[in-house]
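What follows is a single structure, written as structure tokens, with notes after it.
In this text, all values refer to a predicted model and were calculated from it rather than measured experimentally. So that the names make sense, note that chain A is the first sequence line, chain B the second, and so on, each numbered from 1.
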Amino acid sequence: MNADLSNDLLAWYDRHARTLPWRVPPGSGAKPDPYRVWLSEVMLQQTTVAAVKGYFERFTARWPTVEALAAAEDADVMAEWAGLGYYARARNLLACARAVAACGGFPRTEAELRTLPGIGAYTAASVASIAFGQRAVVVDGNVERVMTRVFDIATPLPAARNEIRAYADSLTPSERPGDHAQAVMDLGATICTPRSPACVVCPWREPCLARKRGVQKDRPVKPPKREVPQRRGVVYVGRREDGAWLLETRGADRMLGGMLGWPGSAWDRGEEEAPPPVAGPWTALNTEARHGFSHFALGLRVMVARLPLDTQAGQASFVPADRFSPDMIPTVMRRVLAVALTSPLIADAEPTVQA
DNA sequence: AATTCGGGGCG
DNA sequence: CGCCCAGAATT
């Protein structure tokens, strides 16, 4: 490994490490809690630190240990995860917590961690190094950006993955591997940023090849992107005379699986039309609810109805008004609600919701 | 190797 | 509005 580069980075980290709820400050001597490290790493998968902070605080306050989380109700965990996205993570989180609790604790090696649900190459390496001090090669988006710049790797992603891993391996020390991993990520998050890297204050400004050649903003090289397809669908926002909302728990094999949502067409499978979930005076609203996903854009026609007290919920179920909160449902469903609330049929003394 | 998974923040 | 984020699972 390259000792000079590694030492310079660790010295920088000792002075400039970010203070984060799941992190033990460098030099404090305290040992990180594997549960908190694992939970934070899962939440941080493709998710920004700013977005995770609040969720992490709420989760650890409500479930302080992996045993507590393992004993939680599925619906409670899904509701607490609502809004964070990538809901398969929440389902895998529970499965993992229960497997770990059954074993009496987290495994300490990268290979064993890798077998647990929701733990892939990155998370296994980061937990092994940060929580257990094992030397492991941690590669995330930050590491990819930093490596392609320091070593000026011009191969486009994802073909450059092996090359990146080899360089990351060459820099990973046997001492303080966890701090090293967090240091590269802090560097990527605060200095070696995607748009305008602050090379002037970078601990690696001297050895950085991309900076020397003036191409740091062009690293990493990304593959050309394709256009996002447009999809349409219909949703039914029904409200009983007593204020209860007609909602359904989405199947685990669908998008937003396990989450609460409005009944409607299977827009995640390209289905644009669907009959109402229950018979009623359904009327269409003029405004459609729009939402952008990573790989397609969605427009939903919103149907609303005020339903009689004796309405049978069928496949769906009625959630009483005092037990419903927009925080319980994914963002796209919140957006639908915001549109639905423009109708007096539904709004009726309800507080306004922002999408 | 390519696709499918959310959602927010920032230029 | 485009880009990217402490990626994983599936095909």
Nearest-0.5 Å distance, [atom1] of residue [X] to [atom2] of residue [Y]:
| X | Y | atom1 | atom2 | answer |
| --- | --- | --- | --- | --- |
| A/Arg211 | A/Glu206 | CZ | CD | 6.0 Å |
| A/Ser129 | A/Glu110 | OG | CD | 8.0 Å |
| A/Leu300 | A/Arg231 | CG | CZ | 11.5 Å |
| A/Met185 | A/Leu44 | CE | CG | 8.5 Å |
| A/Gln45 | A/Ile119 | CD | CD1 | 8.5 Å |
| A/Ile164 | A/Arg145 | CD1 | CZ | 11.0 Å |

Q) Quick one: does A/Arg205's side chain have a donor or acceptor within less than 3.5 Å of a partner on A/Cys202's backbone? A)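 Yes, the answer is positive, given that a donor and an acceptor are paired below the 3.5 Å cut-off.
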
Q. Between the main-chain N or O of A/Ile329 and the side-chain N or O of A/Arg334, is there a donor-acceptor pair closer than 3.5 Å?
A.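 It does hold such a pair.
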
Whole angstrom is fine here: how far is it from [atom1] in [X] over to [atom2] in [N]?
| X | N | atom1 | atom2 | value |
| --- | --- | --- | --- | --- |
| A/Arg89 | B/dT4 | CZ | P | 19 Å |
| A/Arg250 | B/dC5 | CZ | P | 11 Å |
| A/Met78 | B/dG6 | CE | C1' | 12 Å |
| A/Asp268 | B/dG6 | CG | C1' | 13 Å |
| A/His295 | B/dT3 | NE2 | P | 12 Å |
| A/Leu256 | B/dG7 | CG | P | 6 Å |
| A/Met43 | B/dG7 | CE | C1' | 14 Å |
| A/Arg334 | B/dG7 | CZ | C1' | 10 Å |

(Q) Any donor-acceptor pair, under 3.5 Å, between the side chain of A/Thr47 and the base of B/dG7, if you only look at N and O atoms? (A)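 Answer is no: no donor-acceptor pair is held.
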
Q) Under 4.5 Å between any side-chain heavy atoms of A/Phe296 and A/Phe293, yes or no? A)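 Yes, close enough: below the 4.5 Å cut-off.
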
Q: For residues A/Pro26 and A/Asp14, determine if any side-chain heavy atom of one lies less than 4.5 Å from a side-chain heavy atom of the other.
A: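 Of all side-chain heavy-atom pairs linking A/Asp14 with A/Pro26, at least one is under 4.5 Å.
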
(Q) Short of 4.0 Å, heavy atom to strand atom, which residues of residues 183-200 of chain A count as contacting DNA chain B? (A)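 Under 4.0 Å from DNA chain B: no residue of residues 183-200 of chain A.
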
Give the table of side-chain donor-acceptor pairs shorter than 3.5 Å for residues 94-102 of chain A, with sequence neighbours excluded, one pair per line with atom names and distance.
residue, atom, partner, partner atom, Å
A/Arg98, NE, A/Ala70, O, 2.9
A/Arg98, NH1, A/Asp74, OD1, 3.3
A/Arg98, NH2, A/Ala72, O, 2.8
A/Arg98, NH2, A/Asp74, OD1, 3.0

Q | B/dT3 and C/dA6, which share atom name P, separated by this distance in whole Å | A |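 Taking atom P in both C/dA6 and B/dT3, they lie 24 Å apart.
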
Q. What interatomic distance, in whole Å, is found between P of C/dT11 and the corresponding atom of B/dG6?
A.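 The answer is 16 Å between these two P atoms.
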
Q) In terms of ring plane angle, is the pair A/Trp262 and A/Phe324 parallel, tilted or perpendicular, where the classes change at 30° and 60°? A)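 A/Trp262 and A/Phe324: tilted rings.
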
Q | Nucleotide interval of DNA chain C bounded by contacts with chain A (heavy-atom cut-off, under 4.0 Å) | A |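 Result: C/dG2 to C/dA9.
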
**Q.** Contacts of type salt bridge (Lys or Arg N to Asp or Glu O under 4.0 Å), residue A/Arg301, not counting sequence neighbours
**A.**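 Scan of A/Arg301 (salt bridge (Lys or Arg N to Asp or Glu O under 4.0 Å), adjacent residues dropped) gives A/Glu273.
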
Q) In residues 155-166 of chain A, which residues come under 4.0 Å of DNA chain C by heavy atom? A)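 Those residues whose heavy atoms fall under 4.0 Å from DNA chain C, taken from residues 155-166 of chain A, amount to none.
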
Q. Does anything in residues 16-41 of chain A reach DNA chain C, meaning a heavy atom under 4.0 Å, and if so which residues?
A.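 Correct list: A/Arg18, A/Leu20, A/Trp22, A/Arg23, A/Glu41.
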
Q) Can you get from A/Val66 to A/Trp63 by hopping between Ile, Leu, Val, Met, Phe, Trp and Tyr side chains that sit under 4.5 Å apart? A)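 In one cluster with A/Val66: A/Trp63, yes.
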
Q) Of A/Ala124 and A/Thr48, whose nearest nucleotide on DNA chain C comes first from the 5' end? A)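 Its nearest nucleotide being more 5', the pick is A/Thr48.
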
Q: Tell me what A/Ala121 touches on the nucleic acid: a base, only sugar-phosphate, or nothing, going by heavy atoms under 4.0 Å.
A: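 Result for A/Ala121 = sugar-phosphate.
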
Q.
Heavy atoms only, 4.0 Å cut-off, all strands: where does A/Tyr86 land among base, sugar-phosphate and nothing?
A.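 Since a base atom lies under 4.0 Å of A/Tyr86, the category is base.
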
